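Some notes on the structure that comes next.
Numbering of residues begins at 1 and proceeds along the displayed sequence. Since we're looking at a predicted model, the values are computed, not measured.
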Amino acid sequence: QVQLVESGGGLVQPGGSLRLSCAASGSIFSVNAMGWYRQALGKQRELVAGVTTGGSANYYADSVKGRFTLSRDNGKNVAYLQMDSLKPEDTAVYFCTLSDWGRLMSGGPDVWGQGTQVTVSS
């Protein structure tokens, strides 16, 4: 069984930074993409960043381009989402996901973590 555990969320002021971590365990050898989704209160989940295993494709939502950076430590099976210049509209629960690229981009990842809350407020 594949399990994902997110951490690193919290309360930050506008303009601040957070780094989210996603630790994966289980059989993930066939996974070819991972991504970060978020869901704000009263809104649908949206993909904010994604990458294929080999790095042949990547994606950032327009709203986070230049501010968020997805990175991976394959040796540790850990992925990160570095979030800089945070805005109040970034407030959401952030989810780490695993899938193939198509389902990741279409909103239907195969595996989801439990989510971690990010709150940006003064």
If we only count heavy atoms from C-beta on, is the [X] to [Y] side-chain gap below 4.5 Å?
| X | Y | value |
| --- | --- | --- |
| T116 | V93 | no |
| M34 | T97 | no |
| Y59 | L70 | no |
| F68 | Q82 | no |

side-chain contact (heavy atoms from CB on, under 4.5 Å) between L18 and L86, worked out: CA-CA 8 Å; L18 284 174; L86 283 162; 4.2 Å; yes
Other residues, nucleotides, ligands: >12 heavy atoms within 6.0 Å of Q3 CD: no
Atom CD of E89 with >12 non-hydrogen neighbours under 6.0 angstrom: yes
Y37 ring center near W112 ring center (under 6.0 Å): yes
Aromatic centroids of Y94 and W36 separated by under 6.0 Å: no
Ring-face cation of R19 near Y80 (centre distance under 6.0 Å, axis angle within 45°): yes
Any side-chain donor near an acceptor of the partner, D84 and S17, under 3.5 Å: yes
Verdict with reasoning, L20 to E6, per side-chain contact (heavy atoms from CB on, under 4.5 Å): CA-CA 7 Å; L20 306 183; E6 301 98 332; over 6 Å; no
In one Ile/Leu/Val/Met/Phe/Trp/Tyr side-chain cluster, 4.5 Å: V111, M105: no
Linked, directly or transitively: V51 and V2 (ILVMFWY side chains, under 4.5 Å): yes
Donor-acceptor pair, side chain of R45 and main chain of Q39, under 3.5 angstrom: no
Can you see which heavy atom on [X] is nearest to which on [Y], and at what distance?
| X | Y | answer |
| --- | --- | --- |
| R72 | T52 | NH1-O, 3.1 Å |
| G108 | S99 | O-OG, 4.2 Å |
| L4 | Q114 | O-OE1, 3.5 Å |

side-chain contact (heavy atoms from CB on, under 4.5 Å) assessment of E46 paired with R38: CA-CA 6 Å; E46 63 174 341; R38 69 183 181 187; 2.8 Å; yes
Candidate list L47, L98, L104, D100, test side chain to side chain contact (heavy atoms under 4.5 Å, CB included), partner P109, passing option: L104
Residues K87 and D90 bridged, charged N to O under 4.0 Å: no
side-chain contact (heavy atoms from CB on, under 4.5 Å) between V120 and Q13, worked out: CA-CA 5 Å; V120 185; Q13 296 183 0; over 6 Å; no
